[in-house]
Asker: 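One structure coming up, written as structure tokens, with questions to follow.
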Amino acid sequence: MDVYGIIGNPVEHSLSPPLHQAAFDHLGIDARFVTFEADPDRIEEAFRGAEALGIDGLTVTLPFKHDAYEFVDPEESVERVGAVNTIDFTDDGPIGYNTDMTGTLRAFEHHDVELDGTNAVVVGAGGAARALAFGFEEAGADVAVTNRTESKAHDLAEDVPGATGHGLDELPDLMAEADVVANATSVGLESDESVAPADAWHGDCVAFDAVYKPLETRFLGDAAAAGAQTIDGAWMLLFQGVDAFETWTGEDAPVDVMNEALRSHL
Ligand code: NAP
């Protein structure tokens, strides 16, 4: 039996186990997907232990995405992002991927949204924002990063080729020119707030929210009311898992089965 897992702290509420187990079961792959709540002071030992035990692959979540980057041989695009959320333990050693970044791009593709040549606004400058900003840039968008703590927006924008950094006060002006507006802050998480002013939305853009609890956030509701296309945070969660699954197994992931498993747990 193959063993895969998610490593983080905390991990007890992770949706990765049902997401991946549904795919393994559907394809008849003899594998189990388990959770590992690691001690932050012993994370390097935990990664080495997983490798020594012959664990086949790991999803990495907070707060270990940077530790994972230090442990693996990063796949090329990951070198720029500096964070790893997927480890594939291969015969040549652990390889690191960032499927938060590649998975988000697949979520946009799934919704027939072309990013090349667009103006994309990323709200936030933490881990999710980093994955989105690098992903959008790689897909050919012009990226503007806006954040409550403006200095962090400038720091992130400096790392992403061609990106600009802004304070949150500039968000309405940025939205007026935007084709894509992505919330990568925790505003709206289990609350009815939005980081974006309702009257700044227009119908000629796509709104993406990384927040997936609730699925129908105020951010997306305001965007939809203005006529914008919306993509909820479960699509990012789904496709980061789809990309990880395909990297580990070399099989096409059963996307519909995984989507159903995920949404039934939300
Ligand atoms: P993080 O690194 O802690 O970053 C949090 C961001 O939110 C920072 O930019 C912070 O701004 C901003 N923020 C927090 N409270 C705010 C407020 N009241 N007003 C304005 N900005 C505020 O977190 P993260 O890991 O990037 O996660 C961000 C969100 O994305 C979370 O809700 C998480 O659940 C979600 N997420 C979803 C997926 C998915 O697969 N769908 C994946 C990863 C994360 P400051 O810098 O000013 O503090």
Side-chain angles (χ1 to χ4, degrees), residues 6 14-27 33 59 61 75 77-78 81 85-86 97-124 127-143 178-184 188 201 203-217 219-224 226-266:
I6 179 163
S14 169
L15 296 166
S16 291
L19 178 71
H20 287 287
Q21 197 63 53
F24 289 132
D25 294 348
H26 180 77
L27 294 180
F33 192 99
T59 288
T61 188
E75 182 257 350
S77 62
V78 170
V81 189
N85 81 320
T86 300
Y97 298 85
N98 190 311
T99 69
D100 287 331
M101 183 175 83
T102 56
T104 305
L105 297 186
R106 280 185 74 170
F108 277 75
E109 269 170 41
H110 183 83
H111 287 83
D112 294 324
V113 176
E114 173 64 76
L115 288 161
D116 192 15
T118 59
N119 283 332
V121 176
V122 175
V123 193
R130 202 170 170 79
L132 291 179
F134 275 101
F136 289 162
E137 185 275 329
E138 195 161 290
D142 286 329
V143 178
D179 305 296
V180 173
V181 183
N183 176 37
W201 286 106
D204 200 17
C205 75
V206 178
F208 167 77
D209 201 341
V211 171
Y212 54 85
K213 274 185 195 164
L215 276 179
E216 292 173 20
T217 56
F219 180 87
L220 293 183
D222 290 345
Q229 182 181 351
T230 61
I231 303 175
D232 70 48
W235 292 106
M236 177 178 179
L237 194 56
L238 170 68
F239 280 105
Q240 64 76 29
V242 164
D243 258 13
F245 183 90
E246 293 183 346
T247 299
W248 293 327
T249 65
E251 307 261 356
D252 285 342
V255 174
D256 291 344
V257 170
M258 294 172 83
N259 191 29
E260 203 178 308
L262 176 63
R263 286 178 191 267
S264 72
H265 282 81
L266 280 169

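All values reported here derive from a predicted model rather than from experimental measurement.
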Asker: Can you give me the closest heavy-atom contact between Pro214 and Gly188, atom names plus distance?
Answerer: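 Nearest heavy atoms, Pro214 then Gly188: CD-O, 3.5 Å.
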
Asker: Taking ring pair (Phe, Tyr, Trp, His ring centres under 6.0 Å) as the definition, give me every residue that meets it alongside Tyr212, ordered by chain and number, with sequence neighbours left out.
Answerer: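 For Tyr212, no residue satisfies ring pair (Phe, Tyr, Trp, His ring centres under 6.0 Å) once neighbours in sequence are set aside.
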
Asker: With sequence neighbours excluded, tell me which residues meet side-chain hydrogen bond (donor to acceptor under 3.5 Å, both in side chains) with Asp100.
Answerer: Lys65, Asn85

Asker: To the nearest 0.5 Å, what is the distance between OG on Ser16 and CD on Gln240?
Answerer: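 Spacing of OG (Ser16) from CD (Gln240) equals 5.5 Å.
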
Asker: Tell me, please, which residues at least two apart from Thr249 pass side-chain contact (heavy atoms from CB on, under 4.5 Å).
Answerer: Tyr4, Phe24, Ile29, Phe245, Glu251

Asker: What pairs with Thr86 under side-chain hydrogen bond (donor to acceptor under 3.5 Å, both in side chains), at least two apart in sequence or on another chain?
Answerer: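 Per chain and number, Thr86 pairs via side-chain hydrogen bond (donor to acceptor under 3.5 Å, both in side chains) with Thr99.
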
Asker: For Phe33 and Leu19: C-alpha separation, side-chain torsions, deciding distance, then whether side chain to side chain contact (heavy atoms under 4.5 Å, CB included) applies.
Answerer: CA-CA 9 Å; Phe33 192 99; Leu19 178 71; over 6 Å; no

Asker: Hey, is the main chain of Val206 close enough, under 3.5 Å, to the side chain of Gln229 for a donor-acceptor pair?
Answerer: no

Asker: Give the intermediate values and the outcome of side chain to side chain contact (heavy atoms under 4.5 Å, CB included) for residues Val121 and Val180.
Answerer: CA-CA 6 Å; Val121 176; Val180 173; over 6 Å; no

Asker: Are there more than 12 heavy atoms of other residues, nucleotides or ligands under 6.0 Å from atom CG of Asp204?
Answerer: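 At most 12 heavy atoms, drawn from other residues, nucleotides or ligands, come within 6.0 Å of this atom.
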
Asker: For Asp179, check side-chain contact (heavy atoms from CB on, under 4.5 Å) against everything at least two apart and list the hits.
Answerer: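 So Asp179 forms a side-chain contact (heavy atoms from CB on, under 4.5 Å) with Thr118, Asn119.
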
Asker: Can you sort out the partners of His110 under ring pair (Phe, Tyr, Trp, His ring centres under 6.0 Å), two or more places apart, ordered by chain and number?
Answerer: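 Only Trp235, Phe239 meet the ring pair (Phe, Tyr, Trp, His ring centres under 6.0 Å) criterion with His110.
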
Asker: Among all residues two or more places apart in sequence or in another chain, which pass the side-chain hydrogen bond (donor to acceptor under 3.5 Å, both in side chains) test with Glu75?
Answerer: Ser77

Asker: Within a strict 4.5 Å, meaning less than it, do heavy atoms of the Trp248 and His20 side chains meet?
Answerer: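 Yes, side chains in contact.
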
Asker: Does Glu216 have any side-chain contact (heavy atoms from CB on, under 4.5 Å) partners at least two apart in sequence or in another chain, and if so, which?
Answerer: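 In terms of side-chain contact (heavy atoms from CB on, under 4.5 Å), with neighbours along the sequence ignored, Glu216 is linked to no residue.
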
Asker: Can you list the residues that meet the side-chain contact (heavy atoms from CB on, under 4.5 Å) rule with Ala207, with sequence neighbours excluded?
Answerer: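 Only Trp201, Phe219, Leu220, Ala223, Thr230 meet the side-chain contact (heavy atoms from CB on, under 4.5 Å) criterion with Ala207.
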
Asker: Under a 4.5 Å cut-off applied to non-hydrogen side-chain atoms, are Ile231 and Phe108 in contact?
Answerer: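 They are in contact (side-chain heavy atoms under 4.5 Å apart), so the answer is yes.
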
Asker: Tell me, please, which residues at least two apart from Glu246 pass side-chain hydrogen bond (donor to acceptor under 3.5 Å, both in side chains).
Answerer: Arg106

Asker: Would you mind writing out the side-chain donor-acceptor pairs for residues 130-142 within the sub-3.5 Å range, not counting sequence neighbours?
Answerer:
| residue | atom | partner | partner atom | Å |
| --- | --- | --- | --- | --- |
| Arg130 | NE | Val81 | O | 2.7 |
| Arg130 | NH1 | Asp159 | OD2 | 3.2 |
| Arg130 | NH2 | Val81 | O | 3.3 |
| Arg130 | NH2 | Asp159 | OD2 | 3.2 |
| Glu137 | OE1 | Arg80 | NH1 | 3.3 |
| Glu137 | OE1 | Arg80 | NH2 | 3.4 |
| Glu138 | OE1 | Arg80 | NH2 | 3.1 |

Asker: Identify every side-chain donor-acceptor pair in residues 253-263 under 3.5 Å, counting partners at least two apart or on other chains, and give the distances.
Answerer:
| residue | atom | partner | partner atom | Å |
| --- | --- | --- | --- | --- |
| Asn259 | OD1 | Arg263 | NE | 2.9 |
| Arg263 | NH1 | Asp232 | OD2 | 3.1 |
| Arg263 | NH2 | Asp232 | OD1 | 3.2 |

Asker: Begin from the C-alpha positions of Phe208 and Asn183 and carry the test side chain to side chain contact (heavy atoms under 4.5 Å, CB included) through to its verdict.
Answerer: CA-CA 6 Å; Phe208 167 77; Asn183 176 37; over 6 Å; no

